[in-house]
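Contents: one structure, followed by commentary.
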Amino acid sequence: MGRGAREQVTAAAGGRSFRRDLKERIELKPTSDPPDFESDAYRQRLERVLRSYSAAVLQRSDVSITLTPPDGPPNSYTDMRGNITVYTGFPPNGTPEERDLCVQGLLRHEVAHEAYTNPRVYHTFVKELMSRRDGAQIKYIHNILEDGMIETRLRADNPGGYEFISAFNRLYPRVGQIEAIEEDMVLPFNEDYVPTDADGNSLPVQDGQVIIPAGTRIGSWGKAPVSLTRQMQAALLAEAVPEFEPGELHPKVEACLEECKPFITASITGNTADCVQNAYKVAAIMKKHGLFPEAQEMAGAGDAMGGEGEGGGGDSSSGSGGDGYISVPVTAPVLDDDDDLGEGCAPQNETPDVDGADGPGEELQDAMKGSGASGGTGSDSGAQNDSGQSGGDGNSADRHDGKQGKGADKDGDGKCDNCGSDTNRLGNCDSCGAGKGADKNGDGKCDNCGGQIDKKGKCKSCGSTNGKDPKKKSSRSASQRKADDPGGASDGSARDWSPHQGGDDASGGYDPNRPIPQDLPDKMQREGRGSVSDKRLKDMLDEAKRDLETTRAQERARRQRAIRQGKLDASAFSLPEGQDVVTQRELRTGERALKEETGNLARFGRSLAAQLEQMKVQARAERRFQRHGRFDTRALHRVVAGSRDVMKQEGVKLNFDFEVCVSIDRSGSVQGSGLTADQFRMAKMFAIAGQQARIPTSIMGWDGGSYLCRHFEYKSAHSSDFNSLDSIFQTGGGGTPTAEGVEFARALLRHSKAKKKILAVVTDGEANDIDACREQVRLAEMMGITVIGLGFKGGVNPDSMRAQFGRNWAMIDEFTDAPGIVANLIKRLAWK
């Protein structure tokens, strides 16, 4: 069957065959020009970078990434379990390579949340705020402080990774941008000055409102801003995150920011607990100065308290937008209530009390006790240790007491086996370097060439610092090699701080709450640590351009291969106007539905698969040269020779070359009847049985409003990932576009290489257009697709089912019935 816009459909009619041309509305996307950021090849490249980078920063590689297209919501976030979502639309009018660098920057920002945000403290804090009227505003302030904290730590610990955030800041500054207002705006204004635009022109004020004509350029800074509260929010962000500084401020905002500065510094050099306790204090200061925003005045904050877990909407908005006037971007991790959140953490920096500032509730106080005591601030001589006392430079032996039996001290006597000196807490020797760098074995020799090492563990012969050949080139791109580097910037400078107890040596134990000196942010800013120069930015853009060209070629090859093999998913198709598809990857959810039933559903699915496997045993080939059966005309030569083995026995031929598509009605009437849970159970059983029996099975859903039919790819036919099935509970509503659902399923099966194809349509009855549905069912049957309609008893109209599916429909009493009916259908068709 051809793959063009016109398909040749053949059907049997009156003993003869006839052909007719059919204009298909759903076509394959062209393979010649794949998208830059919505392709599997691009996502897979990012996941390789992410796994490599996470292995260095998080000491874990079980991470995945979901990309939001430019026309989607501009949110980037993480669920704090390694599942990261990144928006691909910044800068809005940027080149592909500029967008690629921004994606890379947002990706590292979210990894920093995974590395440095304490899940228990954060989750408890957000739950506490849900009962407060000003909870959204306080959470917004905390998000700004938390962003400053994680990026400061990343800049100190991993300057090479921070370069991508710096590139993002250069390409699409998060604060201080000047934006042109697209439509006329009117805002409340009760100040005693005349507001001006970014060019210094006065704006008219009438009846307590400032009038902003379309096209007016508005910025954050200036002595006469259009909104003092929004300028305060921008100033708070510019003070907290690295590489930004507040511009010219109104005197009232300037005084408020000056009072907030000690609490901002204590937050960005502290941990999540510091950010929490100081968010309350900064909020109190802003209230005192009359700069605490109302909910509707929060720049881009969205519905911070809505949704499940940590909320949706603006709550999961990432550091991904310019502030200008419209939005001050913040980021907030998204968590589930039943996550294992681990231990909390205690504040590290003491700050004075503030009149009117609320403190954390009892549960939050519990979480903020953590596993370490609160201590004083860091000093010029180095960071605090776990007891809150200043001392050491982060790598010295004064914090490595008593750790023996490892590294250069194999016998556990506290002495280096190589030179006899005292070993540090990690068992490494600070005198001869045994156990460090290129000497992982602790014998004082380079693991690569056997040469002598210096005190820092660097080989004097080959120059290796990690026991590997430094001259051996990596096959990965420069951006991936940079992502692997847990420290060091492009200028070769070392890190300033590490979350490892042993400094650069990861074996010392990972502690993301390890304090950093309070003067370190200013020091890094002066030195430009991790900041990209014009030349470095140009090099990164050139590298991104080459990477994208390679990715496009890989995606073209992948799509062509998928077409040849007939292994297509929903993203391969172009839909007509008024229809849209949400792919399996976009539907991935961190929530697990009906977890208590997982075992039973798996058993049902395996039972169905076992029935099909049993049928395969019944298949056997034709047996020849037998003494019983029918005469074998090909054995005449044996008769001449006097042999009696001239009979044959017919074989049993079963064809299990199937592909199944389950198309589920997710209209509002299904949701209202409470059938969603049964649909989920049924879909899970189909998926498990198909996987076990090695029958490709896709699970699709559909709903429709007045102007849009949405298709949901809960599972593609050749995927073994069932996570997106859980999103059945979060999708659906509106009308019943059964015809469109069958049409899309028909397009999927039309390109399958399977010999036999089954389409099971699960619905509650009457479609928006019964005649159109019947026509699509007829077209599917003419293409050799077996279509069966399935309806839950009590929620289905028999007359409507007959009108749509003819005699090929069945009533099901329980969710277990549907997979059983399809399994029996497979058995019956397998004998044909």
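Computed from a predicted model, the values in this text were never measured in an experiment. Residue numbers start at 1 and run along the sequence shown. Only heavy atoms go into these numbers, but all of them, side chains included; no hydrogens, no water, no symmetry mates.
- No side-chain heavy atom of Asp580 sits under 4.5 Å from any side-chain heavy atom of His711.
- Residues Ile268 and Glu151 have side chains not in contact (no heavy-atom distance under 4.5 Å, counting atoms from C-beta outward).
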Show your reasoning for whether side chain to side chain donor-acceptor pair (under 3.5 Å) applies to Asp721 and Asn723. CA-CA 6 Å; Asp721 185 358; Asn723 287 338; 3.3 Å; yes
ring-ring contact (aromatic ring centres under 6.0 Å, His included) between Tyr122 and His142: does it pass, once the steps are laid out? CA-CA 10 Å; Tyr122 178 81; His142 168 268; 5.7 Å; yes
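- Panel note: side chain Glu47, backbone Ile65; a donor-acceptor pair is recorded below 3.5 Å.
- Residues Leu203 and Val226 have side chains in contact (heavy-atom distance under 4.5 Å, counting atoms from C-beta outward).
- Of the possible polar contacts, none joining the Thr216 side chain to the Ile212 backbone as a donor-acceptor pair under 3.5 Å is found.
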Check the pair Asn278 / Ile264 against side-chain contact (heavy atoms from CB on, under 4.5 Å), numbers first and verdict last. CA-CA 7 Å; Asn278 288 311; Ile264 298 173; over 6 Å; no
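- In the model, Tyr714 has no side-chain atom that pairs as donor or acceptor with a side-chain atom of Asp726 under 3.5 Å.
- A heavy-atom distance below 4.5 Å is found between the side chains of Pro195 and Val205.
- A donor-acceptor pair under 3.5 Å is absent between the side-chain atoms of Glu97 and the main chain of Lys545, judged by distance alone.
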Quick one: do Ser220 and Gln231 satisfy side chain to side chain donor-acceptor pair (under 3.5 Å)? Show the steps, please. CA-CA 5 Å; Ser220 301; Gln231 186 181 74; over 6 Å; no
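- Within 6.0 Å of the NZ atom in Lys29, the count of heavy atoms belonging to other residues, nucleotides or ligands exceeds 12.
- In this structure, a donor-acceptor pair under 3.5 Å is absent between the side chains of Arg558 and Gln44.
- The closest side-chain heavy-atom distance from His109 to Ser76 is not below 4.5 Å.
- For the residue pair Pro737 and Cys709, the shortest heavy atom distance occurs at CG-SG, 3.7 Å.
- The pair Glu555-Arg552 does not meet the salt-bridge criterion, since no charged nitrogen lies less than 4.0 angstrom from a carboxylate oxygen.
- With contacts defined as side-chain heavy-atom distances shorter than 4.5 Å, the pair Val103/Phe90 does not qualify.
- Between Asp100 and Tyr42, the side chains place a donor N or O and an acceptor N or O closer than 3.5 Å (distance only, hydrogens not considered).
- Using a cut-off of 4.0 Å between Lys/Arg side-chain N and Asp/Glu carboxylate O, Arg536 and Glu163 are scored as salt-bridged.
- Proximity of a side-chain donor or acceptor of Thr551 to a complementary backbone N or O of Asp547 within less than 3.5 Å is detected.
- Between Cys256 atom SG and Leu249 atom CG the span is 10.5 Å, to the nearest 0.5 Å.
- Counting only distance, with no hydrogens or angles, the side chain of Glu586 and the backbone of Thr583 share a donor-acceptor pair below 3.5 Å.
- With rounding to the nearest 0.5 angstrom, the CG atom of Leu236 is 8.5 Å from the OH atom of Tyr140.
- The shortest non-hydrogen separation linking Pro73 to Tyr87 is O-CD1, 3.5 Å.
- Nearest approach of Gln233 to Ile144, heavy atoms of both residues: O-CD1, 4.1 Å.
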Please assess Tyr162 against Asp157 for the test side chain to side chain donor-acceptor pair (under 3.5 Å), listing each intermediate value before the final yes or no. CA-CA 9 Å; Tyr162 180 81; Asp157 179 32; over 6 Å; no
Given the rule in the side-chain contact (heavy atoms from CB on, under 4.5 Å) test, do Gln137 and Leu129 qualify, once you have shown the distances and angles that lead to the verdict? CA-CA 10 Å; Gln137 294 94 314; Leu129 292 182; over 6 Å; no
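- Using a 4.5 Å heavy-atom threshold, the side chains of His113 and Glu146 count as touching.
- With hydrogens and angles disregarded, a donor-acceptor distance shorter than 3.5 Å links the side chain of Arg99 to the backbone of Pro91.
- Panel note: side chain Asp79, backbone Asn83; a donor-acceptor pair is recorded below 3.5 Å.
- When only modelled atom types and interatomic distance are considered, Arg108 and Gln104 share a side-chain donor-acceptor pair under 3.5 Å.
- Pairing each heavy atom of Ser64 with each of Leu50, the nearest pair is O-CD2, 3.8 Å.
- Within the 3.5 Å criterion, the main-chain N or O of Thr68 finds a donor-acceptor partner in the side chain of Thr88.
- Using a 4.5 Å heavy-atom cutoff, the side chains of Phe573 and Leu568 are in contact.
- Taking the charged nitrogens against the carboxylate oxygens, Asp534 and Lys538 have no contact shorter than 4.0 Å, which rules out a salt bridge.
- Between the Arg217 side chain and the Ile178 main chain, no donor and acceptor come within less than 3.5 Å of each other.
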Going through the distances and angles, do Met540 and Glu543 end up as a side-chain contact (heavy atoms from CB on, under 4.5 Å)? CA-CA 5 Å; Met540 294 174 78; Glu543 176 92 28; 5.5 Å; no
Could you go through His250 and Tyr193, starting from their C-alpha distance and side-chain angles, then the distance that decides it, and tell me whether this counts as ring-ring contact (aromatic ring centres under 6.0 Å, His included)? CA-CA 10 Å; His250 184 277; Tyr193 62 87; 4.9 Å; yes
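- Between Asp522 and Arg526, no side-chain nitrogen of the basic residue sits less than 4.0 Å from a carboxylate oxygen of the acidic one, so the salt-bridge criterion is not met.
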Asn75 vs Thr85, test: side-chain contact (heavy atoms from CB on, under 4.5 Å). Steps then yes/no. CA-CA 8 Å; Asn75 300 332; Thr85 297; over 6 Å; no
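- For Arg559 and Asp40, the salt-bridge test fails: no basic side-chain N is under 4.0 Å from an acidic carboxylate O.
- Considering every non-hydrogen atom in both Arg666 and Ile728, the closest pair reads NH2-O, 2.9 Å.
- Within the 3.5 Å criterion, the main-chain N or O of Ser724 finds a donor-acceptor partner in the side chain of Ser727.
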